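First up is the structure itself, then whatever we jot down about it.
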2 protein chains.
Amino acid sequence: MLDERKKRVLQAIVEEYIKTAEPVSSNAIMNLEGLECSSATIRNEMAELEKMGYIEKTHISSGRVPSEKGYRFYVDELLEDDKITVDEIEYISDKLETKVNELEDLTQIASSTISEITHYTTVSIGPNTDVQLIENIKFVLLSPRMMMAVILTDNGLVKETIIKFDEDITENQVNTLNYMFNNKLKGEPITKIDKPLEKYLVDEMKYSVNLIKPIIVQMKKVVEEEKVHLEGTKQLFELPEFNSLEVAKNFVNILDEKELMADMLNNGYAKDINIYIGEENEKEELKDFSVVTFKHRIGNKDLGTIGIIGPKRMDYSKVISVMKYISKKLNDNLGDNSDDSKEEK
Amino acid sequence: MLDERKKRVLQAIVEEYIKTAEPVSSNAIMNLEGLECSSATIRNEMAELEKMGYIEKTHISSGRVPSEKGYRFYVDELLEDDKITVDEIEYISDKLETKVNELEDLTQIASSTISEITHYTTVSIGPNTDVQLIENIKFVLLSPRMMMAVILTDNGLVKETIIKFDEDITENQVNTLNYMFNNKLKGEPITKIDKPLEKYLVDEMKYSVNLIKPIIVQMKKVVEEEKVHLEGTKQLFELPEFNSLEVAKNFVNILDEKELMADMLNNGYAKDINIYIGEENEKEELKDFSVVTFKHRIGNKDLGTIGIIGPKRMDYSKVISVMKYISKKLNDNLGDNSDDSKEEK
DNA sequence: TTTAGCACTCTTTTTTGTCGTCTGCTAATT
DNA sequence: AATTAGCAGACGACAAAAAAGAGTGCTAAA
């Protein structure tokens with residue numbers, strides 16, 4: 001479709017624009033490797049690329065800026081990996097050594113590391129609820145009317161919550177609950193903790209509704225809860241595109257809508273890495289941004305999703321290199337030294 | 001010091017400026033209640049108020065803006081309470097009805113309610129660590145190498161954490177730990193969980209350091225951890241002062257520094273409500289803002305602190321009314337229906 | 001003591017002009 | 001047929017100048 005030189009011109013424009021945030025002129029990219037020709041020739045190529053929709057002008061006599069179609073082509077066909085430096089590799093390795101007790105923290109560390117290296121904002125979220133299986137449930141009486149419920153999932157996450165009752169409970173009751181819940185739920189997806197279960201326990205098993213209802217309500221809540229974690233919000237404000245108050249406000253609005261973030265990360269299942277450029281984002285509010293999402297897993301255990309939010313001219317190459325490296329590193333590390341991960345044969 | 005009319009003029013200027021964010025001219029406040037005189041008279045008063053330092057001009061022929069001294073006088077002497085509407089009262093009552101299982105959530109609900117009503121940004125934090133006493137500690141074995149520690153404090157908060165070990169642990173060991181920690185720490189401030197305790201347990205009581213160290217490390221971490229919670233960040237961006245990119249950036253930077261926020265809230269002990277206007281803030285970064293902090297408690301139990309961050313021309317009256325009402329409401333509500341609060345005679 | 005009136009100051013907005021950049025096109029060159 | 005040099009034209013960015021508007025301080029009168 002595009003001949004070699006056009007590809008080269010497009011690539012040069014995208015990369016130059018990523019670097020400078022200024023419309024790229026024919027002069028600016030002339031004499032780059034593979035473009036040893038006059039500016040006039042490049043202008044001709046640019047005119048055609050524009051006609052095809054890969055680049056556009058900001059005004060009639062301006063330089064060119066990549067269109068979303070242009071970015072998309074760049075990402076799909078022209079992207080070169082391995083833009084990660086030795087220093088960065090060292091920094092990442094260092095960060096990932098941090099000993100964590102809860103796997104959830106690992107996603108946050110990955111998220112903050114990405115943000116620090118790329119200088120974009122990252123947002124992270126735990127694994128999707130419907131892929132998590134219950135490995136064990138534990139009820140512990142804290143005081144006569146207060147109980148704690150702990151749920152261990154097969155991917156090593158721990159969810160705990162406190163449940164209060166209007167009447168005293170006995171150790172005996174707690175033991176029965178322990179047995180009953182484990183018996184019923186072990187190996188089931190955590191989403192099974194829901195109304196029907198409450199109904200079953202009350203109607204069929206004849207438990208007191210006063211006992212069961214708060215348990216189900218509270219456990220359901222903690223199971224469904226999406227903890228969205230943000231990192232590096234201020235960094236984007238250093239970018240030249242944030243000199244427009246409009247864009248800045250828009251961005252702050254996005255960050256304030258945690259559910260919107262959660263939604264964004266939960267969609268787009270197909271691949272581990274997904275790239276949404278501008279209008280490709282489902283959310284109207286994100287149409288001036290690009291988002292790269294990264295499904296973060298160890299072995300076959302989903303550990304959550306990380307999203308990188310940046311301008312449309314984000315350094316896709318860098319972002320993807322970093323993500324791939326982190327993914328690799330995590331799997332290398334946790335292959336050996338994770339105690340609680342189940343041995344797979 | 002200030003005669004009645006001067007007070008009235010100052011009050012009018014402050015309130016008008018709070019409303020419009022524009023320098024206030026002599027014309028604008030003439031004919032307000034208590035100011036039934038000509039603009040020339042008001043100009044004379046303004047000239048004197050300016051000489052005394054209560055108001056200032058943005059340039060030689062502009063209207064007047066309150067100085068920080070002016071705001072301070074307004075807050076100390078001129079503030080009228082009860083600027084809260086019936087609708088707002090209803091909204092607050094409604095929000096505070098939400099049933100919470102963890103007292104921590106209550107501070108967040110209060111915080112978000114304040115933000116929604118005042119349209120300023122709020123930031124909240126749990127109670128200061130050194131006022132919290134340990135009521136009970138519970139260790140629960142989750143798997144051979146994973147234990148959960150739960151700390152109940154006298155003000156009804158629950159802190160829990162997971163501890164991992166490099167070797168298997170027995171139920172017996174957990175029971176001993178339970179007995180030992182409770183015996184040693186019940187009634188003590190949570191800050192007692194620290195190095196010296198580790199030393200004592202290992203050296204004197206001859207516990208294995210492999211067992212004790214991770215416990216102390218992890219519990220200390222969760223005890224010291226300050227969970228800063230932000231609410232309504234985007235709202236401030238609607239204010240006219242945020243049309244300056246400088247201010248906007250400044251603000252985003254502040255929000256990104258969670259420890260700064262925590263510091264801010266932990267200082268200023270004296271009163272339950274503290275007001276810091278502009279330069280009165282200890283933090284350089286906050287010198288263009290006003291902060292109102294609100295120590296939130298039920299009975300004599302400290303439940304955390306909420307800070308309201310807004311422009312210097314924030315609607316102090318509204319903010320304070322809302323806070324007072326919330327405080328009252330919480331105490332009314334939780335006087336009766338809180339099950340776990342200890343009965344005081 | 002208050003007020004009407006006016007000159008003066010300063011900001012804001014609009015207008016005008018200049019400069020520089022980059023394109024598209026044409027005609028010449030390879 | 002592809003490339004290139006050269007140039008006219010378009011337009012943004014910036015600065016200076018001009019006009020409009022808002023508010024003050026002061027003076028003199030009520």
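Keep in mind that this is a model prediction, so the values were computed, not measured. We name chains A, B, ... by the order of the sequence lines, and we start the count at 1 in each one.
- Contacts classified as ring pair (Phe, Tyr, Trp, His ring centres under 6.0 Å) and involving residues 68-90 of chain A (residues at least two apart or in different chains) are given here: A:Tyr54-A:Phe73.
- Summarising the geometry, the separation between CD on B:Glu45 and P on C:dT1 is reported as 11 Å, rounded to the nearest angstrom.
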Between the protein and nucleotides 20-24 of chain C, are there any N/O to N/O pairs under 3.5 Å, and if so, what are the atom names and distances?
| residue | atom | partner | partner atom | Å |
| --- | --- | --- | --- | --- |
| C:dC22 | O4' | A:Ser61 | O | 3.4 |
| C:dT23 | OP1 | A:Ser26 | N | 3.2 |
| C:dT23 | OP2 | A:Ser26 | N | 3.4 |
| C:dT23 | OP2 | A:Ser26 | OG | 2.7 |
| C:dT23 | O3' | A:Lys57 | NZ | 3.2 |
| C:dG24 | OP1 | A:Lys57 | NZ | 2.9 |
| C:dG24 | OP1 | A:Arg64 | NH2 | 2.9 |
| C:dG24 | N7 | A:Arg43 | NE | 3.1 |
| C:dG24 | O6 | A:Arg43 | NH2 | 3.2 |

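- In terms of the salt bridge (charged side-chain N to carboxylate O under 4.0 Å, His left out) criterion, residue partners of B:Arg72 (sequence neighbours excluded) are, by chain and number, B:Asp76, B:Glu280.
- Between B:Glu279 and B:Lys287 there is no salt bridge, since no side-chain nitrogen of the basic residue lies less than 4.0 Å from a carboxylate oxygen of the acidic one.
- Taking the six-membered ring where tryptophan is involved, the planes of A:Phe251 and A:Phe242 are perpendicular, since the angle between them exceeds 60° and thus also 30°.
- With the nearest nucleotide of DNA chain C identified for both B:His59 and A:Ala40, B:His59 has the one nearer the 5' end.
- Residues B:Val9 and B:Met46 meet the side-chain proximity criterion, which asks for heavy atoms closer than 4.5 Å.
- Of the residues in residues 31-38 of chain B, those with a non-hydrogen atom less than 4.0 angstrom from any atom of DNA chain C are B:Cys37, B:Ser38.
- The pair B:Lys312-B:Asp288 does not count as a salt bridge, with every side-chain nitrogen at least 4.0 angstrom from each carboxylate oxygen.
- For residues 228-246 of chain A, the set of pairs meeting the salt bridge (Lys or Arg N to Asp or Glu O under 4.0 Å) definition, not counting sequence neighbours, comprises A:Lys234-B:Glu257, A:Glu241-A:Arg313.
- Per the geometry, CD1 belonging to A:Ile42 stands 17 Å off P belonging to D:dA2, to the nearest Å.
- Following rounding to the nearest Å, B:Glu22 (CD) and D:dA22 (C1') show an atom-to-atom distance of 11 Å.
- Residues of residues 240-247 of chain A that place a heavy atom closer than 4.0 Å to DNA chain D do not occur.
- The existence of a salt bridge linking B:Lys95 and B:Glu116 is confirmed by a sub-4.0 Å separation between a basic side-chain nitrogen and an acidic carboxylate oxygen.
- The neighbour count for B:Lys19 NZ, taken as heavy atoms of other residues, nucleotides or ligands under 6.0 Å away, does not exceed 12.
- Ion pairing between a basic and an acidic side chain is recognised when a charged N comes within 4.0 Å of a carboxylate O; B:Arg64 and B:Glu56 show no such pairing.
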